[in-house]
Amino acid sequence: MTRLPARPRLPARCGWGSTIFQRRGVALVAVLAAMTVMLLVLGAMLRFGLLGRRHLLRELDVHQAESLVEAAAERAVVRLGVEPAWRGGSEQVGSEAIVGRGDAEVRVVVEPAGDSCSLRVVVDYPAGLPNSIRRERSFTVALPVIPSRSTPDLSIVPQETSP
């Protein structure tokens, strides 16, 4: 009977020849552990990326709502200059009219107070969603002075000059 030659031993040093890797399957366990750690790291990176995207979109919606409040206040001041008896109203602004992901609901309430008025603007953006952003601002606006038509304006009547 012939004997098979003995398997030569690898020198005991760091690396693949060390005593850790001389057992069968230890390399497989090490690779699986490394892959598990890598998958956990990649999953955390993906989660943080998605959370960052959601946060960015929310910040864009907040900025859009604040811009809508300012625009609605400016429009209300212009309308009060043209029509001083206007007392406000509600309006749906379509997403095609603004740079955004949805429609906005804008409500303006005007309360007169002597020669000025209190202007309250409320914006819901995007309108109709459970997580919509609501911004509300109050302003005091001086009403324009409209000259009375009952007294004639003498500054435009030509005066007669004597020769």
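All values derive from a computational prediction rather than experimental measurement. This chain uses plain numbering: 1 for the first residue, then up along the sequence.
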May I have the list of side-chain donor-acceptor pairs in residues 42-59 shorter than 3.5 Å, sequence neighbours left out?
{"residue": "Arg58", "atom": "NH1", "partner": "Asn131", "partner atom": "O", "Å": "2.6"}

Side-chain polar contacts of residues 77-93 - donor-acceptor pairs under 3.5 angstrom, sequence neighbours left out - could you list them?
{"residue": "Arg87", "atom": "NH1", "partner": "Pro84", "partner atom": "O", "Å": "3.4"}

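Interatomic distance, Ser67 OG to Tyr125 OH, rounded to the nearest 0.5 Å: 10.0 Å. The CG atom of Leu60 sits 8.0 Å away from atom NE2 of His63, with the distance rounded to the nearest 0.5 Å.
Residue Phe139 is grouped with residue Val123 when hydrophobic side chains (ILVMFWY) are merged at heavy-atom distances under 4.5 angstrom, including chains of intermediate members. Linking Ile, Leu, Val, Met, Phe, Trp and Tyr whenever their side-chain heavy atoms come within less than 4.5 Å leaves Leu68 and Val109 in two separate clusters.
Side-chain atoms of Ser132 never come within 3.5 Å of backbone atoms of Gly128 as a donor-acceptor pair (strictly under, hydrogens ignored).
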From CA spacing to verdict: side chain to side chain contact (heavy atoms under 4.5 Å, CB included), Arg137, Arg120
CA-CA 6 Å; Arg137 300 280 190 276; Arg120 191 181 75 168; over 6 Å; no
Mind running side chain to side chain contact (heavy atoms under 4.5 Å, CB included) on Asp124 and Ile133 for me, showing each step along the way?
CA-CA 6 Å; Asp124 286 326; Ile133 297 167; over 6 Å; no
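Annotation: side chain of Pro126 is not in contact with side chain of Asp103 (no heavy-atom distance under 4.5 Å).
The two residues Val69 and Val121 make their nearest non-hydrogen contact at O-CG1, 4.0 Å.
Other members of the cluster containing Val122 do not exist, because no ILVMFWY side chain is joined to it at under 4.5 Å.
Glu105 has a carboxylate O that lies under 4.0 Å from a charged side-chain N of Arg107, or vice versa, which qualifies the two as a salt bridge.
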